[in-house]
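Here's the structure we're looking at; comments come further down.
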Number of protein chains: 2
Amino acid sequence: MREDTRTRIQEIALRLFTEQGYEATSLREIAEELGVTKAALYYHFKTKDDIVTSLVDLRIADVEELLEWVKSQPRTPETRREVLERYAAKLKRPQHIQMARFLERNQTALRDHPKLSRMRDLMLELANQLSGPEATPVERISRSLALFALHAGKWMPGDLTEDEVDKASMEVALRLLEP
Amino acid sequence: MREDTRTRIQEIALRLFTEQGYEATSLREIAEELGVTKAALYYHFKTKDDIVTSLVDLRIADVEELLEWVKSQPRTPETRREVLERYAAKLKRPQHIQMARFLERNQTALRDHPKLSRMRDLMLELANQLSGPEATPVERISRSLALFALHAGKWMPGDLTEDEVDKASMEVALRLLEP
DNA sequence: GTCTATAACGGGATAGAC
DNA sequence: GTCTATCCCGTTATAGAC
């Protein structure tokens, strides 16, 4: 049973965009790896940009969901803790780790892409939800950093196991939530 | 007194590479803004890559200096605190803020550039110097994040003054050094 | 749904005049 | 030190056959 071609294009594109960068990845490369020609891609996606759009949409839905949840909750320490846990759980799914990397690494190259702007706005809003309007600058920076800490796996050198990094990141993140 | 052309090329290139990304910035754009033609750039720099090299060299020297200093010091809490302060002081100079942004935003596009690899290695080593070999995973992540916290100015939304962000970032960073 | 062929363009880089 | 002119290449994208 061959996988949907459209889906395979998305997988390959996401990997190459992440490894090499969006601009540095040509449609020819994607097509070659898929075993078809460039032109075939144009049947599935109108432009190179459209591939990005289709990718980001998945993650936007995910973060929007988390954002709506947190807004429906009382602004308590317990809620904040659970935001981190839900966010970490999302991150653990392989697709989303890679998507997070892709977004991080291509923010500049794709700075004018509407979907990327939307993602940035959502992440900022999520960070803000951890603070609230009355928070001090120290609290606001500290709590924004808490979200970031959960991405630690990506830049920590490799002599720690994945599990060690996950646990330790969460511990650091939780500490950053404390007043 | 006109400024050195070579220096002006560096300034314009750094700004455009940072704003738009390395790949997305063409030599034509740089030349146009300088008021000369593409070909003129080739008198001053052998390739587009060479412009990057000339830029990164400045910052490499800076971080190497800090790294040598920390290695010459005893591994104490006081030393670690001073590393953060020296690093923050370097960051405050406008050239280096922009250089840090440039490096951050073009890590993927320039992942094969030897000077960029060198910069990454230096930053990792600096982060490691804050921990030492016997540190727990939580300490290592926490202390690496301390360095990162000092860059907070770049992604915090704009309703805080620069001074507020600087002070608060340092406070968060110092807290991340604590056991 | 995938192909071949090709258009149309912009990129980095070079040669040689001034 | 800067110019014009040009080369060569890879890129996105399209047209039309199968």
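Just so it is clear, the structure is predicted and the values come from calculations on it, not from any experiment. Proteins come first, then strands; the chains are lettered A, B, ... in the order of their sequence lines, and each starts at number 1.
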*Residues in side chain to side chain contact (heavy atoms under 4.5 Å, CB included) contact with B:E65, at least two apart in sequence or another chain*: B:K90
*Which of residues 12-19 of chain B have a heavy atom under 4.0 Å from DNA chain D?*
none
Per-pair distances, 0.1 Å, donor-acceptor, side chain in residues 37-47 of chain B, under 3.5 Å, sequence neighbours excluded:
from, atom 1, to, atom 2, distance (Å)
B:T47, OG1, B:D49, N, 3.3
B:T47, OG1, B:D50, N, 3.1

*Protein-nucleotide distance (B:Q20, atom CD; C:dG11, atom C1'), rounded to Å*: 14 Å
*Can you tell me the distance, in whole Å, between the CD1 atom of B:I30 and the P atom of C:dG11?*
11 Å
*What would the secondary structure line of DNA chain D be in dot-bracket form, counting Watson-Crick and G-U wobble pairs under 3.5 Å, with [ ] for pairs that cross earlier ones and | for pairs with another strand?*
||||||||||||||||||
*Atom CG of B:L41 and atom C1' of C:dA13: how far apart are they, to the nearest Å?*
11 Å
List the atom pairs, with distances to 0.1 Å, where a side-chain N or O of residues 131-141 of chain B and a protein N or O form a donor-acceptor pair under 3.5 Å, not counting sequence neighbours.
from, atom 1, to, atom 2, distance (Å)
B:T136, OG1, B:E139, N, 3.1
B:E139, OE1, B:T136, N, 3.0
B:R140, NH1, A:D159, OD1, 3.4
B:R140, NH1, A:D159, OD2, 3.1

*Which residue pairs pass the salt bridge (charged side-chain N to carboxylate O under 4.0 Å, His left out) test when at least one of the two sits in residues 51-61 of chain A, sequence neighbours left out?*
A:D57-A:K115
_A:E162: which residues meet the salt bridge (charged side-chain N to carboxylate O under 4.0 Å, His left out) condition with it, sequence neighbours left out?_
none
*How far apart are the closest heavy atoms of B:V56 and B:M99, and which atoms are they?*
N-CE, 4.4 Å
*Sequence neighbours left out, what passes salt bridge (charged side-chain N to carboxylate O under 4.0 Å, His left out) with B:R111? Give chain and number order.*
none
*In plain terms, say whether B:E78 and B:R81 are close enough for a salt bridge, that is, a side-chain N and a carboxylate O under 4.0 Å apart.*
yes
Validation: residues 171-179 of chain B side-chain donor-acceptor distances under 3.5 Å, sequence neighbours left out:
from, atom 1, to, atom 2, distance (Å)
B:R175, NH2, A:R175, O, 3.1

*Enumerate the residue pairs fulfilling ring pair (Phe, Tyr, Trp, His ring centres under 6.0 Å) with a member in residues 65-87 of chain A, sequence neighbours excluded, ordered by first and then second residue.*
A:Y87-A:H151
Identify all pairs in which a protein N or O lies below 3.5 Å from an N or O of nucleotides 12-16 of chain D, and state each distance.
from, atom 1, to, atom 2, distance (Å)
D:dT12, OP1, A:K48, NZ, 3.2
D:dT12, OP2, A:L27, N, 3.0
D:dT12, O4, A:K38, NZ, 3.0
D:dA13, OP2, A:Y42, OH, 3.2
D:dA13, OP2, A:K48, N, 3.2
D:dA13, N6, A:K38, NZ, 3.3

*Pairs in or reaching into residues 9-23 of chain A: which pass salt bridge (charged side-chain N to carboxylate O under 4.0 Å, His left out), with residues at least two apart or in two chains?*
A:R15-A:E19, A:R15-A:E33
_Atom-to-atom span, CZ of B:F45 to C1' of D:dG1 - whole angstrom_ = 14 Å
_Candidate nucleotides D:dC3, D:dG1, C:dC3, ranked by approach to the side chain of B:T37 - the nearest_ = D:dC3
*asked:* With a 4.0 Å limit, can you tell me whether B:Y43 has a side-chain N or O closer than that to the phosphate oxygens OP1/OP2 of D:dT2?
replied: no
